Amino acid sequence: TRTPMIFAITAVVVNVAMSFLLTTYYQHVGIAAATSIAAWVNTMLLVGTSLSRGHYQPDVRFKSRFPRMLLATAIMAAVLWGVLRLLEMNYVEGAGFTASLWGLLILMGSGIAAYAIASQITGAFRLSDLKSAIRR
């Protein structure tokens, strides 16, 4: 329990430091970016330590699916970028809360649909995997 606690404290320190640094240039978006960076730092520390200590060994299934997951993620990102370009007017100043909310809901739905379809096409996951995970 000591190592994960040290990594969590490290992530908090990174989050605070990056928040101060990034809010200077990117305002509220900097806080979100800092949180993402801190989460990745925590993840990389935990995964790296688990691998180096032999606590985790990725199995063949994960190794074969991981590149396909990355491809599905890249496809989803491209779709989201395209949809965001189509919805730019929903986010201009003065567009209003309702327009922004609808834009966000459309982006969320597009992302979910794009990843689900891309995952099926690339073989990142199968519907049977999802069904068995829900049954557990």
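This structure is a prediction, so every number in the text was calculated from the model and none was measured.
A donor-acceptor pair is defined here as one N or O able to donate and one able to accept, closer than 3.5 Å; no such pair exists between the side chain of Y91 and the backbone of A99. A distance-only check finds a donor-acceptor pair linking the side chain of S52 to the backbone of T49 [under 3.5 Å]. Between the side chain of S119 and the backbone N or O of A116, no donor-acceptor pair lies under 3.5 Å. Counting only distance, with no hydrogens or angles, the side chain of S100 and the backbone of N90 share a donor-acceptor pair below 3.5 Å.
Atom CG in L80 sits 12.5 Å away from atom OH in Y115 (nearest 0.5 Å). We find the CG-CG distance between N15 and N42 to be 10.5 Å, quoted to the nearest 0.5 Å. The CD atom of Q120 lies 11.5 Å from the CZ atom of R68; values are rounded to the nearest 0.5 Å. L107 CG to W102 CH2: the interatomic distance, rounded to the nearest 0.5 Å, is 13.0 Å. The distance from the CD1 atom of I75 to the CG atom of L70 is 11.0 Å, given to the nearest 0.5 Å. Between atom CD of residue Q57 and atom OG of residue S50 there is a gap of 10.0 Å, rounded to the nearest 0.5 Å.
M18 and V16 end up in different hydrophobic clusters when Ile, Leu, Val, Met, Phe, Trp and Tyr side chains are linked at under 4.5 Å. Put simply, M89 and L101 are part of two different groups of oily side chains (I, L, V, M, F, W, Y) that touch within less than 4.5 Å, one to the next. Linking Ile, Leu, Val, Met, Phe, Trp and Tyr whenever their side-chain heavy atoms come within less than 4.5 Å leaves V12 and I37 in two separate clusters. Note: the hydrophobic cluster containing F7 also contains V41 (ILVMFWY, side chain heavy atoms under 4.5 Å, direct or indirect links). Placement of L22 and V29 within a single hydrophobic cluster is found when ILVMFWY residues are connected by side-chain heavy-atom separations under 4.5 Å, directly or transitively.
Closest of all the heavy-atom pairs between A11 and A38 is O-CB, 3.3 Å. The two residues M76 and A114 come nearest to each other via the heavy atoms CA-CB, 4.0 Å.
In Y56, the OH atom is crowded: over 12 heavy atoms of neighbouring residues, nucleotides or ligands sit closer than 6.0 Å. Shown here is Y25, whose OH atom has no more than 12 heavy atoms of other residues, nucleotides or ligands within 6.0 Å.
Side-chain contact between P67 and T122 is absent, with no heavy-atom pair separated by less than 4.5 Å.
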Report task. Tell me, with the steps shown, if D129 and R61 meet salt bridge (charged side-chain N to carboxylate O under 4.0 Å, His left out). Result -> CA-CA 12 Å; D129 297 334; R61 183 176 166 200; 3.4 Å; yes
